[in-house]
Amino acid sequence: MATAYCSDSGEDLSAGSRESDSDRSSDAKTDIQLYGKKPCRYYNGRGCKDAGRCSYLHFCKYALTGRCRYGSQCKLNHPEAGGESSSDPSTSAAPKLTDGRCYQWQLNGGNGWLDVANDHIIEAQYSLPHTQSIKLFNTSYGAVSIDFNRMRVSGKKLRVRRLDDGRTLWLWYCTLGRKWTKYGDEDPKGVPGPVKNSDIEEKFQSNPASSYTFAIGADTLEIKFAEMRQVTAKRKRKVERRPLYRQPPAGVPQVASALRGLALDTEPRWQFEGDRGAWHDFKRRSDAPNECSVTSDEIERKFTQNPHGAMTFKVGRYSYKLDFQAMIQTNLKNKNVRRIRRVLV
């Protein structure tokens, strides 16, 4: 079983690719990273006069990163991958397909791709926009840390990829303050957002190197897919694209049971961030003037039931809401917000 530690920290890079950087081209007949070559800009432009003498690759530069929107209809050369499409599931309308499952997370140490056991744990965390990485224990390669933004394994010569059944619903999120907000969600007054997730995704699928522009009042906003940023004349905000989580079919262990079956030497613990940046455990403090009504274990039970849900609790006379998707704690009276996190200890 692969057990996990999740992190909401990390550098925000492009989330367009969901396969390791090295894997985008290493499945191809010619590996641009192995030989240090780059695609020829003239071949990808009006034509290269050097033809066979050219020291650069005569391949479609978008196909080499799995982002060619023309697929088999492209007029430029595409690298072959043993009969499989080299397109990436999150950056193309023609994803690498699974063996029938909703998704498959796999690792490759140089001897072929191997499924990660209980990969619905990875998928559940990957579907949360604030989760930047996950550390797996007890895999075939020992402890493995996956960077979701770069889609690569940190510190080991391993590759990682996510296969897709082609029916994933992709959701788009933007940071507002300290919270990730889904495009199209209603505001506190019940007014829906000015842009739909489906419209952003349609534009992204048509050309992952382009952008999506919309207006809010007199302001024009642009989502730049290559940068994964929402840009206005005054500021930039981080953007994430993550899949809507789908439960494994009947007969496959559910997230709740899998998360409860963590390694014997670790256990999940929920914490909140204090005023000075220190992290404190959720626990009942009967000897304190403001007693907390929940423990870390009770929060964990709620989380494993629905990683995208929320729960309320009380500290003294104040009521709070824990948002598992945004990973924040909100005081329902004064609206003060604190960060929360889930760690393995």
Side-chain angles (χ1 to χ4, degrees), residues 8 10-19 61-62 65-71 87-95 123 125-132 148-151 162 164 166-246 307-310 321 323-328 330 335 337 339:
D8 60 359
E11 185 178 5
D12 182 69
L13 301 175
S14 170
S17 173
R18 296 306 166 213
E19 188 170 320
K61 62 181 180 181
Y62 297 109
T65 58
R67 297 181 177 183
C68 181
R69 61 173 176 167
Y70 299 108
S87 59
D88 188 281
S90 70
T91 59
S92 170
E123 185 74 8
Q125 294 301 321
Y126 177 50
S127 65
L128 302 174
H130 60 267
T131 305
Q132 303 299 314
F148 285 144
N149 282 333
R150 291 188 175 97
M151 260 308 166
R162 176 189 180 275
D164 194 277
R167 291 190 288 270
T168 294
L169 176 62
W170 293 93
L171 303 177
W172 288 82
Y173 300 87
C174 178
T175 50
L176 293 176
R178 302 173 70 178
K179 181 177 180 180
W180 285 96
T181 301
K182 186 172 67 176
Y183 285 98
D185 272 1
E186 296 180 349
D187 64 16
K189 296 182 179 180
V191 179
V195 61
K196 296 180 180 179
N197 249 286
S198 57
D199 293 338
I200 303 174
E201 181 64 16
E202 182 178 357
K203 178 67 174 179
F204 178 79
Q205 287 289 344
S206 68
N207 185 2
S210 66
S211 63
Y212 181 86
T213 303
F214 62 100
I216 299 180
D219 296 326
T220 299
L221 298 86
E222 181 183 12
I223 301 174
K224 295 185 176 181
F225 298 140
E227 299 177 17
M228 293 305 281
R229 293 289 191 273
Q230 174 186 286
V231 181
T232 65
K234 297 181 179 180
R235 67 179 304 169
K236 295 182 178 181
R237 297 182 185 275
K238 297 178 182 178
V239 171
E240 283 287 1
R241 175 180 183 259
R242 296 294 174 93
L244 176 66
Y245 178 70
R246 290 180 286 172
H308 291 270
K321 177 183 177 182
D323 187 328
F324 296 138
Q325 182 162 299
M327 292 300 275
I328 58 173
T330 304
K335 304 304 179 183
V337 174
R339 290 196 300 165

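All residue numbers in this chain count up from 1 along the given sequence. Values below: every heavy atom of this structure, side chains too, minus hydrogens, waters and symmetry copies.
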Rounded to the nearest 0.5 Å, what's the gap from [atom1] on [X] to [atom2] on [Y]? Could you check?
X: Q230; Y: R235; atom1: CD; atom2: CZ; result: 9.5 Å
X: E240; Y: H130; atom1: CD; atom2: NE2; result: 11.0 Å
X: R242; Y: L171; atom1: CZ; atom2: CG; result: 11.0 Å
X: C174; Y: M228; atom1: SG; atom2: CE; result: 10.5 Å
X: S211; Y: K224; atom1: OG; atom2: NZ; result: 7.5 Å
X: D323; Y: W180; atom1: CG; atom2: CH2; result: 14.0 Å

Looking at every heavy atom in both [X] and [Y], which two are closest together, and how far apart are they?
X: S127; Y: Y173; result: O-OH, 4.2 Å
X: K203; Y: Y212; result: CB-CD1, 3.8 Å
X: S210; Y: F225; result: O-CD1, 3.2 Å

- Under the side-chain hydrogen bond (donor to acceptor under 3.5 Å, both in side chains) test, residues paired with E202 that sit two or more places apart: none
- Message: For a 4.5 angstrom cut-off between non-hydrogen side-chain atoms, does R162 reach D164?
- Response: yes
- Message: Would the distance check show the side chain of T175 and the main-chain N or O of K238 forming a donor-acceptor pair, the cut-off being under 3.5 Å?
- Response: yes
- Message: Classify the ring geometry of F214 against Y183: parallel below 30°, tilted from 30° to 60°, perpendicular beyond 60°.
- Response: perpendicular
- Quick one: do V239 and I223 satisfy side-chain contact (heavy atoms from CB on, under 4.5 Å)? Show the steps, please. CA-CA 8 Å; V239 171; I223 301 174; 4.3 Å; yes
- Only counting residues at least two apart or in another chain, list the ones meeting side chain to side chain contact (heavy atoms under 4.5 Å, CB included) with A310. K321
- Ring-ring centroid check F204 W170, cutoff 6.0 Å: no
